[in-house]
Every structure is written in structure tokens, then in C-alpha cells.
Colleague: 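Pasting a structure here, questions to come.
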Amino acid sequence: QVQLVESGGGLVQAGGSLRLSCAASGRAFSSYAMGWFRQAPGKERESVAVISWSGGTTYYTDSVKGRFTIARDNAKNTVFLQMSSLKPEDTAVYYCAAAHHFTYTRREYEYWGQGTQVTVSS
């Protein structure tokens, strides 16, 4: 069992930056791939970024490449999402999730946080 708690969301102007954190508790955090997903009103939840258990492999959806960076600190059981050059279309609830293998497919994630709201004003 893994419990995930996101933090760091908020309101930011377009072009600004935010850093999301996801603190994990429970067993063997370092053995899980971790992903960040987001869901905007009226839209499906989509994968934003994924990082392997070691941090050596990452994936980004095309719309955030070059602007977002995913990282993890296994000693602190935490995964981060650094978001820069934010756009109004990045507005969504952001979720972190844990999976047993590296994947960007939502249904393959077993554990989810409660989400944190990110709002980007124009």
C-alpha cells in the first residue's frame, strides 16, 4: 500500500512557475514508477510526465516538453514536477500516481493522490 499526498498547487500568471511535490508513505516507494497526471474541467485525465524507479528514464507529453521537469528523491519518498512557462491551458487538477512499471497509461497506475489545483491566469 502506498499513500500519496500532493502539494504546491496554486494560482499563477501565464509565464510563471510552480513546483509540485508528492510525498509518499508506505512500502517500497523506490520500487515504483511515478507519474503526474492532470485533469481539466470536462476533459479526461491525461498523463503529463513519468519517471522510472531509478530516475533514469522519463517521459513527457508533447505539450509540456521543454517546460516541465519530473524528478524524484527516493531518500525522501518524494516526486516533484517543476513547471515553468506556464500557460492557461495548463490549468487543471494535478495528480501523482504510482505504478509497478514504467508506463504513461492511466489504468496501469495502482495508487493515486487526491490532487492539487493549478490555475494559470492569462
Colleague: So, for Leu81 and Ala49, which heavy atoms are closest and what is the spacing to 0.1 Å?
Modeller: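 Smallest interatomic distance, heavy atoms only, reads CD1-CB, 4.1 Å.
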Colleague: Can Lys87 and Asp90 be counted as an ion pair, charged N to O under 4.0 angstrom?
Modeller: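 Judged by the 4.0 Å cut-off on N to carboxylate O distance, Lys87 and Asp90 do not form a salt bridge.
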Colleague: Hey, what do you get for CZ (Phe80) to CG (Asp73), rounding to the nearest 0.5 Å?
Modeller: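 Here the interatomic distance stands at 5.5 Å.
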Colleague: What's the verdict on side-chain contact (heavy atoms from CB on, under 4.5 Å) for Met83 and Leu20, showing C-alpha distance, side-chain angles and the deciding distance?
Modeller: CA-CA 8 Å; Met83 306 185 293; Leu20 305 184; 3.8 Å; yes
Colleague: Do the side chain of Gln13 and the main chain of Ser121 share a donor and acceptor less than 3.5 angstrom apart?
Modeller: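 Side chain of Gln13 to backbone of Ser121, a donor-acceptor pair under 3.5 Å: no, none is there.
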Colleague: Consider side-chain contact (heavy atoms from CB on, under 4.5 Å). Of Trp36, Phe102, Tyr60, which one does Val50 pass it with?
Modeller: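 Single pass found, and it is Phe102.
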Colleague: Which heavy atom of Ser52 sits nearest to which heavy atom of Arg72, and what is that distance?
Modeller: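 So the minimum-distance heavy-atom pair works out to O-NH1, 2.8 Å.
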Colleague: Atom SG in Cys96, atom CZ in Phe37: separation rounded to 0.5 Å?
Modeller: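 Reported to 0.5 Å precision, the distance equals 10.5 Å.
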Colleague: Measuring from Ile70:CD1 to Thr57:OG1, what's the distance to the nearest 0.5 Å?
Modeller: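 The distance works out to 11.5 Å.
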Colleague: If you compare all heavy atoms of His101 against all heavy atoms of Ala33, which two are closest, and at what distance to 0.1 Å?
Modeller: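 For His101 versus Ala33, the nearest heavy atoms are O-CB, 3.5 Å.
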Colleague: Please report the interatomic distance OH(Tyr59) to CD1(Ile51), rounded to the nearest 0.5 Å.
Modeller: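 Spacing of OH (Tyr59) from CD1 (Ile51) equals 14.5 Å.
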Colleague: Look at atom OH of Tyr104 and say whether more than 12 heavy atoms of other residues, nucleotides or ligands are closer to it than 6.0 Å.
Modeller: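 No.
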Colleague: Given the rule that I, L, V, M, F, W and Y join up when any side-chain heavy atoms are under 4.5 Å apart, are Val12 and Val48 in one cluster?
Modeller: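 Val12 and Val48: one cluster.
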Colleague: Any chance you could measure Arg38, atom CZ, to Thr91, atom OG1, to the nearest 0.5 Å?
Modeller: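 Output value for this atom pair is 9.0 Å.
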Colleague: Identify the heavy atoms of Gly8 and Leu18 that sit nearest to each other, and give their distance.
Modeller: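 Closest heavy-atom pair between Gly8 and Leu18: O-CD2, 3.8 Å.
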Colleague: Which heavy atom of Lys76 sits nearest to which heavy atom of Thr78, and what is that distance?
Modeller: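 Looking at all heavy atoms of both residues, the shortest contact is O-OG1, 2.8 Å.
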Colleague: Return yes if some donor-acceptor pair links the side-chain N/O of Gln114 with the main-chain N/O of Val5 below 3.5 Å, else return no.
Modeller: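 Flag not set: sc Gln114 to bb Val5 has no pair under 3.5 Å.
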Colleague: Give me the atom names and distance for the closest heavy-atom approach of Tyr109 to Gly35.
Modeller: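 Of all heavy-atom pairs spanning Tyr109 and Gly35, the closest is CE2-N, 3.6 Å.
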Colleague: Would you kindly check if the NZ (Lys) or CZ (Arg) of Arg45 is within the cone defined by 45 degrees around the ring axis of Tyr95 and under 6.0 Å from the six-membered ring centre?
Modeller: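 Yes, Arg45 lies over the aromatic ring of Tyr95.
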Colleague: Can Ser47 and Thr61 be said to form a side-chain contact (heavy atoms from CB on, under 4.5 Å), step by step?
Modeller: CA-CA 7 Å; Ser47 174; Thr61 194; 5.8 Å; no
Colleague: Say you draw a straight line from CH2 of Trp53 to OG of Ser30; how long is it, rounded to the nearest 0.5 Å?
Modeller: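 If we round to the nearest 0.5 Å, Trp53:CH2 and Ser30:OG are 7.5 Å apart.
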